[in-house]
There are 2 protein chains.
Amino acid sequence: MTTKRRNNSQDVADLARVSQASVSRAFTLGASISAKTKMKILAAAAKLDYQPNIIARSLSKSQSGLVGILFANWDHPKAAEILKGLCEAITEKGFKPVVQSANTTESVDKAFNDFLSYQVDGVIVFSMSPSANMSALCFRSNIPIVLLNHSTPGINASVVTIDSTKVGRQIGNAVLERCYKRITIISSDAHSQVFSGISDALAETVSQAAGTEIISQLTGIHGYEAGFQAIIDLWAEVIKPDVIVCTSDYTALGILAGCRHKLGIRVPEDLCVIGLGDIPASGWKDHDLSTIKIPHDELVKKTVTTLISKIETQSMEPENLKLEAKLILRGTIKNL
Amino acid sequence: MTTKRRNNSQDVADLARVSQASVSRAFTLGASISAKTKMKILAAAAKLDYQPNIIARSLSKSQSGLVGILFANWDHPKAAEILKGLCEAITEKGFKPVVQSANTTESVDKAFNDFLSYQVDGVIVFSMSPSANMSALCFRSNIPIVLLNHSTPGINASVVTIDSTKVGRQIGNAVLERCYKRITIISSDAHSQVFSGISDALAETVSQAAGTEIISQLTGIHGYEAGFQAIIDLWAEVIKPDVIVCTSDYTALGILAGCRHKLGIRVPEDLCVIGLGDIPASGWKDHDLSTIKIPHDELVKKTVTTLISKIETQSMEPENLKLEAKLILRGTIKNL
DNA sequence: AGTAGCATTGCAAGCGTATACATTTTTCGA
DNA sequence: TCGAAAAATGTATACGCTTGCAATGCTACT
């Protein structure tokens, strides 16, 4: 079987008895072409199964219509939702998402080189720890770049994230109102800006009331099993917290399991547990975990619109956007 | 600020004092070029930050190196894992994944037209119900297409899926060995081939022993809440099952919650619950759900290697590959 | 009718690379 | 050392599209 060549604009032009340029114009929004010939051309195109070759168009216009997504944080409980949102928003804006997975530094560099090779018009990064190197690469090539959710100090790129200071205050107030006294904060990543934002604001808020304080901060604890173990360890201490704030719902659920099935700790009477992320399981009757609901949808949309506007205005100016997250009170915190 | 043009192969050629063709060769694996000049060219390229323009290469070679992923089944509990696996495997093979999300028929068609415009070299579809239309489109354009996990009767494309017949037999044998008698099967989609495969094989297996049978099949039930409600409804019937096989872990967990927290049904003594998917929560101590572990990793890898080999051999011959899934016995089925 | 002004169309030159073919250089055996 | 074969390089063209510019067709006004 001989692979038949795909029809091109010249074929359509021949059939419609017009010039190739006119065919191009027929498929270019807002181009100078009469309704009559456009009609004629579209008919011919349909007959030939013609689709403009975007690769050629990209070459000619020297912009690919591609947006690179560097996705590293696959463990995020809402990874699928986020990626879906990104892809859909990008598509809706008339671009196409090219997804690269990367964890190691080398693979990040490789991914970025690939992006450059593919002449992507912009890049979105979803990683716990974006590297400064990549923003430099983008800068050198004049490619706008937006970080979703996590930034790194000193990185030269736009960031869309939640307002962790406000979150910290919300938690602080909720804790104060209910007269809890001793707070422990548990995080997977000690350098996360979300973590430090919450932690700082929480500390400041509770410092206004005497007798309430953050008694410990544990980092490097990540996931259900680790949470289960963490609460066992914590309960072996002399001074036990009566509030645990956890920067991951999974970890919080592990803690809860430890409380209920192993240690017999009464939640929320003796211990208040607050997670982050509002994964589906948190809402299940078995768990009923209080948590922070992050507006992923908005984060994602904002990320994309920010990027696209940068692409269209050719702007490389870094922006810093913060959206609000909401504390959801469920069974793991006392009722007022 | 004037946007400076990206350096091209001619610039490199000038700097290295060779022809543009040589530069091209330096970046083409296995091309006829001496080590010395290659070295010289690579040095010049590095100095100019040169990266071959893949768009131009694509145009010239008339193959884009792009693989389209049509992703519809975002609700799948392992959606992120699957997409990650696809992207990584595709990248590893030297291609780039372009991801499109689609639910409605129109958006599927639109996505496919976009794929054609972008001259993708192949397409992978992850959807509960792939449309025959899209395989036709691909066929017409000579683009290989592989379906992951779910096929549709009469569709003309390669499929990589699990061997649901074997799964059905495994469940059947486990049920027989433990002297359970009355089986109910719950599925979200009545037309799923995985569902019917399991169901048929299960029916056949248990039919070998007198007194054991499938007493009901419920379809259209999907998710935790629906499962919770389903068990309540089931328990209002006169004849109650003592085995529930569920084609989704989430639904199974809802059922479990209903049993334990609402109806007080003893699991596994009075009721055996088996899910499908082995999501993380199924392994948690709170749930300890018996389930079918689907080898997503292998499915994904097989899907990609199948597609790539089709791309490379220009083959449009549909293949049908089945991988084995394993029954994992946990606390929701009697110990032998 | 004549013509200025605008809308439409055609022409042709890129966009950056790959590659067939021609030409030059190198290799290696006799 | 010479010459044929092999390797390396250069030349020129194609890939399919966009777009500046020139040419043409049309409108409406005097």
Side-chain angles (χ1 to χ4, degrees), chain A residues 3-42 44-45 48-66 94 114 116-121 141, chain B residues 3-42 44-45 48-66 94 114 116-121 141:
Chain A
T3 358
K4 54 181 178 306
R5 186 177 58 81
R6 213 109 105 200
N7 287 320
N8 61 25
S9 57
Q10 187 61 59
D11 297 329
V12 177
D14 292 346
L15 180 58
R17 304 190 168 285
V18 296
S19 72
Q20 179 271 327
S22 291
V23 176
S24 169
R25 290 188 179 108
F27 283 92
T28 306
L29 212 65
S32 168
I33 190 170
S34 73
K36 195 165 58 170
T37 53
K38 181 164 181 176
M39 199 87 19
K40 199 166 57 174
I41 290 171
L42 291 185
L48 296 179
D49 265 339
Y50 170 76
Q51 295 278 121
N53 181 330
I54 307 248
I55 299 288
R57 169 180 294 173
S58 302
L59 181 59
S60 177
K61 307 224 296 188
S62 53
Q63 48 162 318
S64 62
L66 262 23
D114 286 357
L116 295 187
S117 291
Y118 269 93
Q119 318 285 111
V120 297
D121 295 335
S141 304
Chain B
T3 358
K4 56 182 177 302
R5 186 179 57 81
R6 213 111 104 201
N7 286 320
N8 60 24
S9 56
Q10 187 61 59
D11 298 330
V12 177
D14 292 346
L15 180 58
R17 304 189 167 286
V18 295
S19 71
Q20 177 270 326
S22 291
V23 176
S24 169
R25 290 187 181 106
F27 283 91
T28 306
L29 213 65
S32 168
I33 190 170
S34 73
K36 196 167 57 172
T37 53
K38 182 164 180 176
M39 198 88 18
K40 199 165 56 175
I41 290 171
L42 291 184
L48 295 180
D49 264 339
Y50 170 76
Q51 294 278 122
N53 181 330
I54 306 247
I55 300 287
R57 170 180 294 174
S58 302
L59 180 59
S60 178
K61 307 222 298 187
S62 53
Q63 48 162 321
S64 62
L66 260 25
D114 286 356
L116 295 186
S117 290
Y118 269 93
Q119 316 285 110
V120 298
D121 295 335
S141 304

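Protein chains get the first letters and strands the later ones, always in sequence-line order, with residue 1 at the start of each. The figures here come from the full heavy-atom set of this structure, side chains too, leaving out hydrogens, waters and symmetry mates.
Against DNA chain C, the stretch residues 30-41 of chain B makes no heavy-atom approach under 4.0 Å. Listed by residue number, B:A21, B:S24, B:R25 are the residues of residues 21-28 of chain B with a heavy-atom contact under 4.0 Å to DNA chain C.
Applying the side-chain contact (heavy atoms from CB on, under 4.5 Å) criterion to B:S60, with sequence neighbours excluded, gives no partner residue. The side-chain contact (heavy atoms from CB on, under 4.5 Å) check on A:D11 picks up A:R5, A:N7, A:N8, A:L48, with sequence neighbours excluded. Taking the side chain to side chain donor-acceptor pair (under 3.5 Å) definition, one finds that A:S62 meets it with nothing, sequence neighbours left out. With sequence neighbours excluded, no residue forms a side chain to side chain donor-acceptor pair (under 3.5 Å) with B:Q63. Scanning for side-chain contact (heavy atoms from CB on, under 4.5 Å) contacts around B:S64 gives A:I55, B:S58, B:L66, B:Q119, B:D121, with sequence neighbours left out.
An angle of 30°, rounded to 10°, separates the two end axes of the helix from C:dA1-D:dT30 to C:dA30-D:dT1, each defined over five pairs.
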Atom pairs, N/O to N/O, protein against nucleotides 22-27 of chain D, distance under 3.5 Å?
none

Find every protein N or O atom lying less than 3.5 Å from an N or O atom of nucleotides 14-16 of chain C, and list the pairs.
residue: C:dG14; atom: N2; partner: A:S60; partner atom: OG; Å: 3.2

Below 3.5 Å is the cut-off: list the nitrogen or oxygen pairs between protein and nucleotides 23-25 of chain C, distance only.
none

Side-chain polar contacts of residues 27-35 of chain B - donor-acceptor pairs under 3.5 angstrom, sequence neighbours left out - could you list them?
residue: B:T28; atom: OG1; partner: B:S24; partner atom: O; Å: 2.8
residue: B:S34; atom: OG; partner: B:T37; partner atom: N; Å: 3.3
residue: B:S34; atom: OG; partner: B:T37; partner atom: OG1; Å: 3.0

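The nearest whole Å value for the distance from the CG atom in A:L29 to the C1' atom in D:dT18 is 15 Å. At whole-Å resolution of the value, CD in B:Q20 and C1' in D:dT13 are 11 Å apart.
At a cut-off of 3.5 angstrom, the base of C:dA18 holds no donor-acceptor pair with the side chain of B:Q63.
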